[in-house]
Amino acid sequence: MNTWVATLLGALTGLVLLWLALVTALAVARPRGNALGEALRLLPDLLRLIPRLARDGSLPRGVRVRLWLLLGYLAMPFDLVPDFVPVLGYADDAIVVALVLRSVVRHSGEAALTRHWPGTAEGLRAVRRLARIPAEPDAGDPETGHRP
């Protein structure tokens, strides 16, 4: 076998393995319950939030780069996970958004998310659930509104 054929097969095998690892990571990280449905309802607010965060000069450069890459990913005409893949096919964008928002909060703090959120307080609580960000300490129970 020629070396270029072996190199090509090795590169293709590596890409397939990388894609399978990514799909597995998305399956593990996907939000549980009705969080994906909430993400679809919040999509207009999320699409306004991400550029606002990406343009915030007070955030670390790495966070802003991640946000711009996320915007590029969302603008791609094709999906990383094809729509025929059960569960993940239609949910990959919401999962990627949740992972990036979790990373933004971890590296920049919750104040940036709260400061730039364009929607309602209930919508912000839904985004926190989607991204598995702990509820604000004094927000109380999101279902009942009662404080501890």
Side-chain angles (χ1 to χ4, degrees), residues 7 10-148:
T7 302
L12 287 174
T13 302
L15 285 173
V16 167
L17 290 174
L18 181 64
W19 182 81
L20 287 173
L22 180 63
V23 169
T24 302
L26 288 175
V28 169
R30 77 180 171 90
R32 306 292 183 236
N34 63 353
L36 290 175
E38 288 179 12
L40 292 176
R41 285 193 305 274
L42 296 169
L43 188 59
D45 289 333
L46 286 169
L47 290 176
R48 286 194 313 265
L49 171 70
I50 295 166
R52 287 179 181 187
L53 286 167
R55 288 189 301 262
D56 185 346
S58 69
L59 298 181
R61 178 177 290 160
V63 168
R64 293 191 321 258
V65 167
R66 259 178 261 149
L67 289 162
W68 285 115
L69 289 173
L70 172 63
L71 284 170
Y73 171 77
L74 292 174
M76 285 190 320
F78 57 90
D79 284 338
L80 186 63
V81 180
D83 290 339
F84 63 81
V85 175
V87 181
L88 294 179
Y90 290 108
D92 62 331
D93 291 343
I95 295 167
V96 171
V97 167
L99 291 172
V100 171
L101 286 178
R102 191 178 322 156
S103 171
V104 166
V105 169
R106 197 174 294 140
H107 290 93
S108 303
E110 296 179 29
L113 178 66
T114 305
R115 182 173 62 244
H116 291 289
W117 178 248
T120 64
E122 180 58 35
L124 181 57
R125 284 192 291 274
V127 167
R128 289 175 176 279
R129 283 191 303 273
L130 174 69
R132 295 184 186 159
I133 299 167
E136 294 174 286
D138 58 333
D141 182 4
E143 298 295 321
T144 64
H146 293 112
R147 298 187 187 277

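Nothing here was measured: the structure is a model prediction, and the numbers come from that model.
The shortest heavy-atom contact between Gly119 and Asp45 is CA-OD2, 3.5 Å. Arg52 approaches Trp117 most closely through the heavy-atom pair NH1-C, 4.3 Å. The two residues Val105 and Glu110 have their closest heavy-atom pair at CG1-CG, 3.5 Å. When all heavy atoms are compared, the tightest approach of Ala112 to Leu59 is CB-CD2, 3.6 Å.
Arg66 places a side-chain heavy atom less than 4.5 Å from the side chain of His107. Under the 4.5 Å side-chain criterion, counting only non-hydrogen atoms from C-beta, Ser58 is not in contact with Arg64. Arg106 has its side chain out of reach of Leu101: every pair of non-hydrogen atoms, C-beta onward, lies at least 4.5 Å apart. No side-chain heavy atom of Val63 sits less than 4.5 Å from a side-chain heavy atom of Leu53. By the 4.5 Å heavy-atom criterion applied to side chains, Val104 and Leu113 are not counted as neighbours. By the 4.5 Å heavy-atom criterion applied to side chains, Val100 and Ile50 are not counted as neighbours.
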Could you please spell out the steps behind the side chain to side chain contact (heavy atoms under 4.5 Å, CB included) verdict for Asp56 and Leu67?
-> CA-CA 11 Å; Asp56 185 346; Leu67 289 162; over 6 Å; no
